[in-house]
Peer 1: 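The structure under discussion is supplied below as structure tokens; questions concerning it will follow.
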There are 2 protein chains.
Amino acid sequence: MTKQRKLIIGIVNSSRNHPTAAEIYSEARRMMPSIAVGTVYRNLKLLTNAGEIRKLSFPGQPERYDRIEHPHGHLYCVACGGINDFDISPALRDEILAHAGERAISCDVTIDYLCDACAGSK
Amino acid sequence: MTKQRKLIIGIVNSSRNHPTAAEIYSEARRMMPSIAVGTVYRNLKLLTNAGEIRKLSFPGQPERYDRIEHPHGHLYCVACGGINDFDISPALRDEILAHAGERAISCDVTIDYLCDACAGSK
DNA sequence: CGAAAATTAGGAATGATTATTAATTTCAAC
DNA sequence: GTTGAAATTAATAATCATTCCTAATTTTCG
């Protein structure tokens with residue numbers, strides 16, 4: 001458990017923006033200017049595999065990282081690529097997970113939509 | 001509507017494997033050896049924007065393309081990265097889409113799980 | 001047919017991510 | 001607290017997926 005790793009965990013867990021690796025790197029440099037980009041990527045992968053954080057994929061943009069907390073889904077604006085969260089009830093979550101039987105681990109629900117800003121500007 | 005575009009539409013619509021751009025290119029070359037990789041990417045983007053095919057994103061792998069048919073969700077094996085489909089009832093789909101209000105367009109439901117093969121080999 | 005517009009092939013360029021390597025840091029045992 | 005092996009780091013090169021560029025070809029449609 002190095003200080004670099006602690007810093008990266010802290011950034012992801014205190015962020016509400018689903019940051020990309022580049023954004024995490026940029027934020028990390030503010031606290032530790034000598035940190036290397038490879039260190040950020042390696043630790044993000046390590047933490048993801050360890051189940052401490054979650055990786056999110058959206059079309060046409062770099063991977064994003066999310067903390068693990070009460071289950072939530074994502075709203076993906078097809079116009080601007082912005083991402084917001086929405087709450088998923090445990091009941092709905094269980095209903096979805098039932099489709100994969102015993103071996104289900106978790107689920108990601110993403111709704112493509114038009115966000116307020118993009119809908120307003122048309 | 002060029003022959004290249006027709007070929008690419010045909011490959012995606014006749015495939016049940018959520019192929020990547022590289023796989024589509026490779027298949028396309030079998031029918032038309034002179035086709036260029038840039039042509040495949042450009043047409044896939046065009047067809048996606050036109051709503052004729054659908055783009056899927058999964059962590060750690062290139063983008064995949066899927067035909068548009070009766071709504072279905074995806075099972076993503078966290079061990080091998082393999083992807084399978086599962087059916088989603090219209091009722092469940094509507095229940096999910098309700099979370100985004102009027103401006104919802106579509107939804108992607110992905111369940112992380114262990115596929116039969118990966119669960120068996122442990 | 002013939003000209004304008006769109007598309008293509010080929011390859012260079014870009015951006016995100018991973019691999020490499022020598023130097024530094026961590027951590028448990030003394 | 002010192003020590004030394006194992007893990008980790010910084011820096012940079014390399015790789016992979018995807019996009020951009022340009023001249024040549026094809027399509028469209030009057």
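Note: hydrogens, waters and symmetry copies are ignored here, and every other heavy atom, side chains too, is used.
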Peer 1: Please tell me which of the listed nucleotides, D:dT18, D:dA10, D:dT9, lies nearest to the side chain of A:Thr2?
Peer 2: D:dT9
Peer 1: Return the value, rounded to whole Å, for the distance between atom CG of B:Leu46 and atom C1' of D:dT18.
Peer 2: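 About 15 Å, once rounded to whole Å.
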Peer 1: Identify whether any heavy atom of A:Arg5 sits under 4.0 Å from a base atom; if not, whether one sits that close to sugar-phosphate; answer base, sugar-phosphate or nothing.
Peer 2: sugar-phosphate
Peer 1: Could you please name the option among C:dA9, D:dT18, C:dT8 that lies closest to any side-chain atom of B:Asn43?
Peer 2: C:dT8
Peer 1: Mind listing the closest non-hydrogen atom pair of B:Ala104 and B:Leu97 along with its distance?
Peer 2: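 Shortest heavy-atom separation between B:Ala104 and B:Leu97 comes out as CB-O, 3.8 Å.
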Peer 1: Under 4.0 Å: is that the gap between some side-chain N or O of B:Gln61 and OP1 or OP2 of D:dC16?
Peer 2: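 The answer is no; no side-chain N or O of B:Gln61 sits under 4.0 Å from OP1 or OP2.
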Peer 1: Nearest whole angstrom, please: distance from the P of C:dT18 to the CG of A:Leu44.
Peer 2: 10 Å
Peer 1: Students often mix this up, so state it plainly: with edges at 30° and 60°, are the rings of B:His74 and B:His18 parallel, tilted or perpendicular?
Peer 2: perpendicular
Peer 1: Of the listed nucleotides (C:dT18, C:dT8, D:dA10), which one gets closest to any side-chain atom of A:Lys45?
Peer 2: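 Nearest nucleotide to the side chain: C:dT18.
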Peer 1: Report the nucleotide, chosen from C:dA16, C:dA9, D:dT27, that has the shortest atom-to-atom distance to any side-chain atom of B:Thr39.
Peer 2: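 Comparing C:dA16, C:dA9, D:dT27 against the side chain of B:Thr39, the answer is C:dA9.
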Peer 1: Looking only at heavy atoms, what is the nearest atom pair of B:Pro59 and B:Tyr76, with distance?
Peer 2: O-OH, 3.5 Å
Peer 1: Taking atom P of C:dT18 as reference, at what distance in whole Å does atom CG of A:Asn49 sit?
Peer 2: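 So the CG-P distance, A:Asn49 to C:dT18, works out to 10 Å.
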Peer 1: A:Thr20 or B:Arg42: which one's nearest nucleotide on DNA chain C is closer to the 5' end?
Peer 2: B:Arg42
Peer 1: Give the minimum heavy-atom separation between A:Ser106 and A:Arg54, together with the two atoms involved.
Peer 2: OG-NH2, 3.0 Å
Peer 1: I want to confirm an ordering. Mapping B:Gly38 and A:Gly38 to their closest nucleotides on DNA chain C, which one lands closer to the 5' end?
Peer 2: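 It is B:Gly38 whose nearest nucleotide is closer to the 5' end.
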Peer 1: For the pair A:Glu63 (side chain) and B:Gly60 (backbone), establish whether a donor and an acceptor sit closer than 3.5 Å, ignoring hydrogens and angles.
Peer 2: yes
Peer 1: For a quick test of reading the model: is some side-chain N or O of B:Tyr41 closer than 4.0 Å to OP1 or OP2 of D:dT19?
Peer 2: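 For D:dT19, OP1/OP2 do not have a side-chain N/O of B:Tyr41 under 4.0 Å.
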Peer 1: Please tell me if A:Gln4 has a side-chain N or O lying less than 4.0 Å from either OP1 or OP2 of D:dA10.
Peer 2: yes
Peer 1: Can you measure A:Ile35 atom CD1 to C:dT24 atom P for me and round it to whole angstrom units?
Peer 2: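 Atom-to-atom, A:Ile35 to C:dT24, this comes out as 18 Å.
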Peer 1: Can a donor-acceptor pair be found, under 3.5 Å and without considering hydrogens, that links the side chain of A:Thr48 to the backbone of A:Leu44?
Peer 2: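 Checking the backbone N and O of A:Leu44 against the side chain of A:Thr48, a donor-acceptor pair under 3.5 Å is found.
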Peer 1: Can you measure A:Tyr25 atom OH to D:dA11 atom C1' for me and round it to whole angstrom units?
Peer 2: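 These atoms are roughly 10 Å apart.
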Peer 1: Rounded off to whole Å, could you give me the CZ-to-P distance for the A:Phe58 and D:dT18 pair?
Peer 2: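 Between P of D:dT18 and CZ of A:Phe58: 17 Å.
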Peer 1: What integer distance in Å separates A:Tyr65:OH from C:dA16:P?
Peer 2: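 The distance from OH of A:Tyr65 to P of C:dA16 comes to 13 Å, rounded to the nearest Å.
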Peer 1: Go nucleotide by nucleotide along DNA chain D from the 5' end; which of A:Pro33 and B:Lys55 gets its closest nucleotide reached first?
Peer 2: A:Pro33
Peer 1: Could you work out which one of D:dT9, D:dT18, D:dT28 sits closest to the side chain of B:Met1?
Peer 2: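 Comparing D:dT9, D:dT18, D:dT28 against the side chain of B:Met1, the answer is D:dT28.
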Peer 1: Whole Å only: how far is the CZ atom of A:Arg29 from the C1' atom of D:dA10?
Peer 2: 11 Å
Peer 1: The side chain of A:Lys3 lies closest to which of these nucleotides: C:dT26, C:dT18, D:dT18?
Peer 2: C:dT26
